[in-house]
Trainee: 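Sharing a structure here in structure tokens format.
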Amino acid sequence: MKRANLQELTSGVLDVLVVGGGIVGCGIARDAALRGLRVGLIEREDFGGGTTSRSTRLIHGGLRYLELLDFALVRQDMREREILLRIAPHLVKPLPFLVPMYGWPAWKRDRLRIGMVLYDMLSYDKSLPRHSFLTREAALAEEPELNPRGLQGAARYFDCQVELPERLTLANAIDAAEHGALLRNYTDVVRFIREGGRVVGAEVRDIATDRQVNVRASVVVNATGPWLDRSLAEAGETETAPLLRTTKGVHLVMPKTSTNAILSIAASDGRVFFVVPWFGYSLVGTTDTDFADDPGNAHAELSDVEYLLREAAVIFPSLRGAPVYYGMAGVRALVRKEGVREGAVSRKHAIRDHGKLGGPDGLISVLGGKITAYRGIAEEATDAVMTRLGRHSARHTAFSPLPGGDGSPDEVLKTLKPRAQSMGLSDRQVDHLIELYGSRAREVLVLAERRPNLATPFCEHGPTIKAQACYAALNEGAETLADVMLRRAPIGLESCLGLDCVEAVADVVGQTLRWDDDRRRKEAEAYRQLVAERYSAPLAEHAAASA
């Protein structure tokens, strides 16, 4: 994927300029490009580097939304779940869930049974197994580390997981670029350009050089997620009231405890929380608290860590005193609704055409939404763009595989495994390559064949090989070391956060991108600082408090 230069973005008038390169923004760019539009996208940081990369990493209908009687949302998400299984089988995988029951009265168990039936009915076209109920003994056989005290049994159902939504975002960005979209990260909006009450583009700034240019477009789509209200204000668009309610969600990365995802209810406040097998670890979360600060400043605070550890230990006593490797905090963008608690705010999205609501023509904003629904949201936003342009085109994204998704992982494995094994790669490394790249894993293997030293891993904690960092720099638009380590070749998501091998990664990426020694040192230091600010610092505070 080639990063667009500023000259390309300013050459002529775009049909649509997308502001924001999270999963929704990249999904819109892909949808619009596949419909033949001239598309530009700018992102202030890196693609998928905001809320997208700090989620619970599930593709699910949301069993708990049945309690809110949000049947339409659940049905929409079930439909999108099936689409993603079809177009990205390497990234989106089925995942079994257990709902353990502890001392539940009969009426509560009956309510869960009804909920399970409704969940199956709303996913009548699904490819996943139907729900079932396990006895106490069967539940403990499935998950021996569950707390046996008071356990009555468990409900089992299936949803899906996207272990690396960063890669799902990147796949959309790559496909958009391969269909002609002009994508540029590390570029922000200074202001929207207005002529006669109409938005006709944006003045954008290259963050590295501070160079500013005007990008003109027939329609501008604001897909900045939890930054939406701020981005509108910064760009000169003021609303009578905030459009969003933003809440913080924190997750902890801990030793792997279960093979099934566990959905439970917090004993202290009745919130839903998960313990999910993820990337060889357990992902424990999430919190749901109002957050009014800049979303970029969100981090796991001591109170968040203590809350999650306390509640998780009720279900898994083995997690009491277990190490917390790091934490992740993201900010949800929810369509604003007053008078309800955080967890009860709907996850439904909204598409706001400002011109139809008394604002400037030519500006469309995307409010709210879940990762699960990103493709459908992008399709709806692109429909609104097409309406504004007075154009018509068939929709493609529900049927066109994402890059690497043109074959089942099993088929790809049969083709590539002998080749990879001949290079000395382990089964774990081969599986890792296919799970990240699908059929495009062969392109990574080509690099390793040409330079055998690239077939070796960076770190003892994970399966990532050096060729992946090289591939990220050559083919996936990585601009910084953090882009490689956190969002493309996920070395930085291991328990060590990649700190054990940051210089080695900087050397591989530096050789590929021709960084001098000074640039390599600066990139390594910037990565360490980023990790300290966003992942590890609050947990160090927790460790000190617990000592």
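Please read these numbers as outputs of a predicted model, since none were measured by experiment.
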Trainee: For residues 453-465, which residue pairs pass the side-chain hydrogen bond (donor to acceptor under 3.5 Å, both in side chains) check, not counting sequence neighbours?
Mentor: His432-Thr464
Trainee: If the threshold is 4.0 Å, N to carboxylate O, is there a salt bridge linking Asp31 and Arg375?
Mentor: no
Trainee: Are the side chain of Arg136 and the backbone N or O of Pro148 linked by a donor-acceptor pair below 3.5 Å?
Mentor: yes
Trainee: For residues 481-492, which residue pairs pass the side-chain hydrogen bond (donor to acceptor under 3.5 Å, both in side chains) check, not counting sequence neighbours?
Mentor: Asp46-Arg487, Asp46-Arg488, Tyr186-Asp483, Thr480-Asp483, Asp483-Arg487
Trainee: Among all residues two or more places apart in sequence or in another chain, which pass the ring pair (Phe, Tyr, Trp, His ring centres under 6.0 Å) test with Phe158?
Mentor: none
Trainee: Could you pull out the closest heavy-atom pair between Ser258 and Ser282, with the gap in Å?
Mentor: N-OG, 4.2 Å
Trainee: Could you walk me through whether Trp278 and Leu493 satisfy the side chain to side chain contact (heavy atoms under 4.5 Å, CB included) test, starting with their C-alpha distance in whole Å, then the side-chain angles of each, then the deciding distance to 0.1 Å, before giving a yes or no?
Mentor: CA-CA 10 Å; Trp278 172 73; Leu493 298 181; 4.1 Å; yes
Trainee: For the pair Arg520 and Asp507, find out whether any cationic side-chain nitrogen is under 4.0 Å from an anionic carboxylate oxygen.
Mentor: yes
Trainee: Is Gln161 reaching over with its side chain to a backbone N or O of Pro277, donor-acceptor style, under 3.5 angstrom?
Mentor: yes
Trainee: State, to 0.1 Å, how close Ser495 and Tyr281 come at their nearest heavy-atom pair, and which atoms those are.
Mentor: N-OH, 2.8 Å
Trainee: What is the minimum heavy-atom distance between Leu146 and Ala139, and which atoms define it?
Mentor: CD1-O, 4.1 Å
Trainee: With a 4.5 Å heavy-atom cut-off, do Pro100 and Glu143 have their side chains touching?
Mentor: no
Trainee: I'd like to know if Arg167 pairs up with Glu435 as an ion pair, taking the criterion as any Lys NZ or Arg NE/NH1/NH2 lying under 4.0 Å from an Asp or Glu carboxylate oxygen.
Mentor: no
Trainee: For the pair Asn147 (side chain) and Val314 (backbone), establish whether a donor and an acceptor sit closer than 3.5 Å, ignoring hydrogens and angles.
Mentor: yes
Trainee: Take Gln468 and Tyr437, measure what side chain to side chain contact (heavy atoms under 4.5 Å, CB included) needs, and give me the verdict at the end.
Mentor: CA-CA 10 Å; Gln468 293 175 248; Tyr437 307 97; 3.3 Å; yes
Trainee: Measuring from Leu183:CG to Leu170:CG, what's the distance to the nearest 0.5 Å?
Mentor: 10.0 Å
Trainee: Looking only at heavy atoms, what is the nearest atom pair of Leu308 and Val250, with distance?
Mentor: CD1-O, 3.4 Å
Trainee: Could you walk me through whether Glu142 and Arg156 pass salt bridge (charged side-chain N to carboxylate O under 4.0 Å, His left out), step by step?
Mentor: CA-CA 11 Å; Glu142 278 284 322; Arg156 167 184 271 170; 2.6 Å; yes
Trainee: Check whether any side-chain heavy atom of Leu436 sits under 4.5 Å from a side-chain heavy atom of His90, and report yes or no.
Mentor: no
Trainee: Given side chains that start at C-beta, do those of Val508 and Val484 come closer than 4.5 Å, heavy atoms only?
Mentor: no
Trainee: Using the salt bridge (charged side-chain N to carboxylate O under 4.0 Å, His left out) rule, take Lys522 and Asp518 through it: C-alpha gap first, then chi angles, then the decisive distance, then the call.
Mentor: CA-CA 6 Å; Lys522 287 180 178 178; Asp518 185 57; 3.2 Å; yes
Trainee: Find the distance between CG (Asp188) and CD1 (Ile207) and round it off to the nearest 0.5 Å.
Mentor: 4.5 Å
Trainee: Distance alone, cut at 3.5 Å: any donor-acceptor contact between the side chains of Glu166 and Thr52?
Mentor: no
Trainee: Tell me whether Glu82 is salt-bridged to Arg86, with the criterion being a basic N under 4.0 Å from an acidic carboxylate O.
Mentor: no
Trainee: How many angstroms lie between atom CD1 of Ile434 and atom NZ of Lys417, to the nearest 0.5 angstrom?
Mentor: 9.0 Å
Trainee: For Glu443 and Tyr471, does a side-chain donor sit closer than 3.5 Å to a side-chain acceptor?
Mentor: yes
Trainee: First locate atom CE of Met78, then atom CG of Leu128, and finally report the distance between them rounded to the nearest 0.5 Å.
Mentor: 9.0 Å
Trainee: Can you check whether Asp159 reaches Tyr119 side chain to side chain, under 4.5 Å on heavy atoms?
Mentor: yes
Trainee: With sequence neighbours excluded, tell me which residues meet ring pair (Phe, Tyr, Trp, His ring centres under 6.0 Å) with Phe97.
Mentor: Tyr157
Trainee: Please determine whether side chain to side chain contact (heavy atoms under 4.5 Å, CB included) holds for the pair Arg419 and Val446, giving the CA-CA distance in whole Å, both sets of side-chain angles, and the decisive distance to 0.1 Å.
Mentor: CA-CA 10 Å; Arg419 181 177 177 181; Val446 167; 3.3 Å; yes
Trainee: So, for Glu8 and Arg38, which heavy atoms are closest and what is the spacing to 0.1 Å?
Mentor: O-NH2, 3.6 Å
Trainee: Under the salt bridge (charged side-chain N to carboxylate O under 4.0 Å, His left out) rule, what do Lys93 and Glu163 come out as? Steps first, then yes or no, please.
Mentor: CA-CA 8 Å; Lys93 304 288 182 63; Glu163 278 199 317; over 6 Å; no
Trainee: Are the side chains of Glu411 and Thr415 in contact, using a 4.5 Å heavy-atom criterion?
Mentor: no
Trainee: Without swapping roles, check the side chain of Asp120 against the backbone of His131 for a donor-acceptor pair under 3.5 Å.
Mentor: yes
Trainee: Determine whether Pro89 and Pro409 make a side-chain contact, defined as any pair of heavy atoms from C-beta on separated by less than 4.5 Å.
Mentor: yes
Trainee: List the steps and the verdict of side chain to side chain contact (heavy atoms under 4.5 Å, CB included) for Glu301 and Lys248.
Mentor: CA-CA 11 Å; Glu301 298 178 22; Lys248 185 178 75 170; 3.5 Å; yes
Trainee: Is there a donor-acceptor contact under 3.5 Å from the side chain of Thr372 to the main chain of His60?
Mentor: yes
Trainee: I'd like to check Asp431 versus Pro463 (side-chain heavy atoms, cut-off strictly below 4.5 Å). Are they in contact?
Mentor: no
Trainee: Please give me the minimum heavy-atom distance between Ser55 and Leu283, naming the atom from each residue.
Mentor: O-CD2, 4.0 Å
Trainee: Any side-chain heavy-atom pair from Ile262 and Phe273 closer than 4.5 angstrom?
Mentor: no
Trainee: Glu178 and salt bridge (charged side-chain N to carboxylate O under 4.0 Å, His left out): which partner among Arg30, Arg440, Lys2?
Mentor: Arg440
Trainee: In chain order, what residues pass the side-chain contact (heavy atoms from CB on, under 4.5 Å) check against Glu145, with sequence neighbours excluded?
Mentor: Thr257, Phe316, Ser318
Trainee: When you measure from the side chain of Ser53 to the backbone of Gly50, do you find a donor-acceptor pair of N or O atoms at a distance under 3.5 Å?
Mentor: yes
Trainee: So, are Asp206 and Arg211 salt-bridged, with charged N and O less than 4.0 Å apart?
Mentor: no
Trainee: Quick one: OG1 on Thr286 to CG on Leu252, what's the gap to the nearest 0.5 Å?
Mentor: 9.0 Å
Trainee: The criterion is ring pair (Phe, Tyr, Trp, His ring centres under 6.0 Å); which residues satisfy it with Tyr527, sequence neighbours excluded?
Mentor: none
Trainee: Between the side chain of Lys466 and the main-chain N/O of Ala469, is any donor-acceptor distance below 3.5 Å?
Mentor: no
Trainee: Find the distance between CZ (Arg3) and CZ (Arg184) and round it off to the nearest 0.5 Å.
Mentor: 3.5 Å
